[in-house]
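A short write-up of the structure that comes next.
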Amino acid sequence: MNGYTVYYLHFEDSNFMVPAWNKRQDFVKCVAAKTGAAAIEWVKSQFDTPIKIMGLGVSKLEDCEICLKN
């Protein structure tokens, strides 16, 4: 299990042309997962609106807000 910091931006449309940055103030989540791909998929599943993944970083497990068991 590793800690991942997932950076993302909110958009209004699935083509990522209309930003929703003023409506949402969260742009990062810290997730404990087996792989970075699992952490990214979990973050994507948390929102109804489209988000664009901007990056993935490493973080300490104790800083993670969620721990994925799979």
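For reference, positions follow the sequence shown, starting with 1. The structure displayed is predicted, hence computed values, not measured ones.
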Discussion item. List the residues meeting side chain to side chain contact (heavy atoms under 4.5 Å, CB included) with Ser59, not counting sequence neighbours, and say none if there are none.
Written reply: Thr5, Cys30, Cys64
Worksheet item: Can you name the residues that form a ring pair (Phe, Tyr, Trp, His ring centres under 6.0 Å) with Phe16, not counting sequence neighbours?
Response: Phe11
Fill in: Short side-chain to backbone donor-acceptor contact, His10 and Phe47, under 3.5 Å
no
Discussion item. List the residues meeting side chain to side chain donor-acceptor pair (under 3.5 Å) with Asn15, not counting sequence neighbours, and say none if there are none.
Written reply: none
Worksheet entry | Residues which pass side chain to side chain donor-acceptor pair (under 3.5 Å) with Gln46, listed by chain and number, not counting sequence neighbours | none
Worksheet item: Among pairs that include at least one residue of residues 41-68, which meet salt bridge (Lys or Arg N to Asp or Glu O under 4.0 Å), considering only residues two or more places apart or in two chains?
Response: Lys29-Glu65
Worksheet entry | ring-ring contact (aromatic ring centres under 6.0 Å, His included) partners of residues 22-44, not counting sequence neighbours, each pair once | none
Discussion item. Using side chain to side chain contact (heavy atoms under 4.5 Å, CB included), reason through Ile53 and Val6 one step at a time and then give a plain yes or no.
Written reply: CA-CA 7 Å; Ile53 302 299; Val6 182; 3.9 Å; yes
Worksheet item: Who passes side chain to side chain contact (heavy atoms under 4.5 Å, CB included) against Val18, sequence neighbours left out?
Response: Glu12, Asp13
Response to the item:
One should read off an interatomic distance between Tyr8 OH and Leu56 CG, to the nearest 0.5 angstrom, of 13.0 Å
Response to the item:
Here the gap from Ser45 atom OG to Ile51 atom CD1, rounded to the nearest 0.5 Å, amounts to 8.5 Å
Item to complete: Determine, stepwise, if the pair Lys34 / Asn2 fulfils side chain to side chain contact (heavy atoms under 4.5 Å, CB included).
Response: CA-CA 6 Å; Lys34 288 185 180 178; Asn2 297 313; over 6 Å; no
Discussion item. Return the OH to CG distance between Tyr4 and Leu68, rounded to the nearest 0.5 Å.
Written reply: 11.0 Å
Item to complete: Please report the shortest heavy-atom distance between Ala33 and Ala39, naming the atom on each side.
Response: CB-N, 4.0 Å
